[in-house]
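Throughout, protein chains are lettered first and strands after them, A, B, ... in sequence-line order, and every chain is numbered starting at 1.
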There are 2 protein chains.
Amino acid sequence: MTHPEDISPDPHKAEATYYTIEQVATRTQLTKRTLRYYEEMELLPQAERTEGNYRRYTEDDLQRILYIKSLRELLGFSLGDIRKFLQAEDEREQVRTAFLQQTDVQQKIAQLDRADELIQEQLTLVEQKINGLEQMRHQLLQRLEKHTHKRSILQNS
Amino acid sequence: MTHPEDISPDPHKAEATYYTIEQVATRTQLTKRTLRYYEEMELLPQAERTEGNYRRYTEDDLQRILYIKSLRELLGFSLGDIRKFLQAEDEREQVRTAFLQQTDVQQKIAQLDRADELIQEQLTLVEQKINGLEQMRHQLLQRLEKHTHKRSILQNS
DNA sequence: TCTAACATTGACGTTCACGTTAAAGTTGTG
DNA sequence: CACAACTTTAACGTGAACGTCAATGTTAGA
């Protein structure tokens, strides 16, 4: 019997820690099927492979997967939403890389502008959700307050 | 002397505004199919019907539907979750009705406490989501700020 | 009264987000 | 090297949440 829990990092090869799909599944609380599915749906880049075609995940992959999971579970995004979201993020990364190699100031500013556009899109999405949730929160708090008030009346009778 | 020509079935009943399923669909941005489906799934009570078996929705129905919609879209609840959620809420309504008929102050307070527990559960969920979103919002805003800073440096060169 | 534009209930179809199984290949441990 | 335990892709299956007919009945306005 193997021990999937046994994932102690090797201090000698700290930078080259790879995870099997099983280990990633355990760590992220997703299934192996789901991980392959996310790759198929282009939420994840094609994972690195071993000689025998086994997927090998890096720490970065793991983080991205956890990010995806939070987008899904916390924000309730569909995989389609997430793909768009991540693509915007990836494009922003491209822009950033180009930015570093650019010498023309006007070009650099244009790239910043483009990056800002992408960020703004994401921001709008996030803020819409926050507004809806805040409204809901207020309604719930109002009810609690009303009850507190009622309670004080009852206790003073 | 004014004589009402139409004999209202129940003179005690207030003059109510009714909506057709189409009107509800337009106002809630849901489809007619979805409205029938929600009724079938027992998220909505059986809607009132006209003589010809057409559904007639009340303002209360409309509010409940909008509530269901926000539970789905904002909190990402499944219809099954929502059914349970609403049942808990209906139970709370029962408690409230009992509350009004109750004379024992301790009992009344106990009922308020119970209602608060249910509200608190919902509130915690909502706040967790808000926190996750706020964190995300912060990251995005920070990036925008950083870009603004970079831009000012570029423009002063 | 006529009729266009609504509504009704089945019933089958579709999309999403995976689950499951099968047939095959790979890896690590004894 | 043997072999159990892993992995691969491909393909079909599934439940939720509707979409989309089709056949039929209802309503409101000219």
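- Between A:Tyr37 atom OH and D:dG13 atom P the separation is 17 Å, expressed in whole Å.
- Atom CE of B:Met41 is separated from atom C1' of D:dA16 by 10 Å (rounded to the nearest Å).
- Note on the helix from C:dT1-D:dA30 to C:dG30-D:dC1: terminal axis deviation equals 10°, with five pairs used at each end and the result rounded to 10°.
- Remark: P of C:dA17 and CD1 of A:Ile68 are 12 Å apart, rounded to the nearest angstrom.
- Nearest nucleotide to the side chain of A:Thr34, out of D:dT7, C:dA7, C:dG19: C:dG19.
- Note that CE of A:Met41 and CD1 of A:Ile68 are 12.5 Å apart. Values are rounded to the nearest 0.5 Å.
- Taking 4.0 angstrom as the limit, B:Arg49 places a side-chain polar atom (N or O) nearer than this to OP1 or OP2 of C:dT9.
- Here B:Arg49 pairs with B:Glu39 in a salt bridge; the nearest charged N to carboxylate O distance falls below 4.0 Å.
- A:Lys108 approaches A:Phe99 most closely through the heavy-atom pair CE-O, 3.2 Å.
- Within the model, atoms CD of A:Glu89 and CZ of A:Arg96 stand 12.0 Å from one another, a figure rounded to the nearest 0.5 Å.
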Between protein and nucleotides 23-30 of chain C, map the contacts as a letter string: B base, S sugar-phosphate only, - none, heavy atoms under 4.0 Å, written 5' to 3'.
-> --BBS---

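- Between the CG atom in B:Leu140 and the CD atom in A:Glu127 there is a gap of 8.5 Å [rounded to 0.5 Å].
- Of the options A:Arg27, A:Lys32, A:Arg33, A:Arg56, a salt bridge (charged side-chain N to carboxylate O under 4.0 Å, His left out) to A:Glu22 is made by A:Lys32 and by none of the others.
- In terms of phosphate contacts, A:Arg72 brings a side-chain nitrogen or oxygen within less than 4.0 Å of OP1 or OP2 of C:dC18.
- Contact record, A:Val95 with A:Ala115: CG1-CB, 4.4 Å, taken as the closest heavy-atom pair.
- Atom CD of A:Gln23 is separated from atom P of D:dC6 by 11 Å (rounded to the nearest Å).
- If you measure from atom NZ of A:Lys32 to atom C1' of D:dT7, you get 7 Å, rounded to the nearest angstrom.
- The two atoms that bring B:Tyr67 and B:Gln122 nearest to each other are OH-OE1, 3.6 Å, heavy atoms only.
- A distance of 9.0 Å separates CZ in B:Arg55 from CG in B:Leu35, rounded to the nearest 0.5 Å.
- Comparing D:dT7, D:dC18, C:dG19 by their nearest atom to the side chain of A:Arg33 picks out C:dG19.
- Put simply, CD1 on A:Ile21 is 5 Å from P on D:dT8, counting in whole angstrom units.
- Rounding to whole angstrom units, CD of residue B:Glu40 and P of D:dC18 are separated by 12 Å.
- Listed pair B:Thr31 / D:dG19 meets the phosphate criterion, a side-chain N or O lying under 4.0 Å from OP1 or OP2.
- For residues 73-88 of chain B, proximity to DNA chain C is found at no residue, defined as any non-hydrogen atom under 4.0 angstrom from a strand atom.
- Whole-Å rounding puts the B:Leu44 CG to D:dC18 P distance at 12 Å.
- Within 6.0 Å of atom CD in B:Glu59, more than 12 heavy atoms from other residues, nucleotides or ligands are found, so the atom counts as buried in its surroundings.
- Residue A:Arg55 is in sugar-phosphate contact alone, with no base atom involved, counting any heavy-atom pair closer than 4.0 Å across all strands shown.
- Heavy-atom contacts from other residues, nucleotides or ligands closer than 6.0 Å to CD of B:Gln87 number more than 12.
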Quick one: do B:Arg151 and A:Asp113 satisfy salt bridge (charged side-chain N to carboxylate O under 4.0 Å, His left out)? Show the steps, please.
-> CA-CA 9 Å; B:Arg151 235 185 304 264; A:Asp113 289 349; 2.4 Å; yes

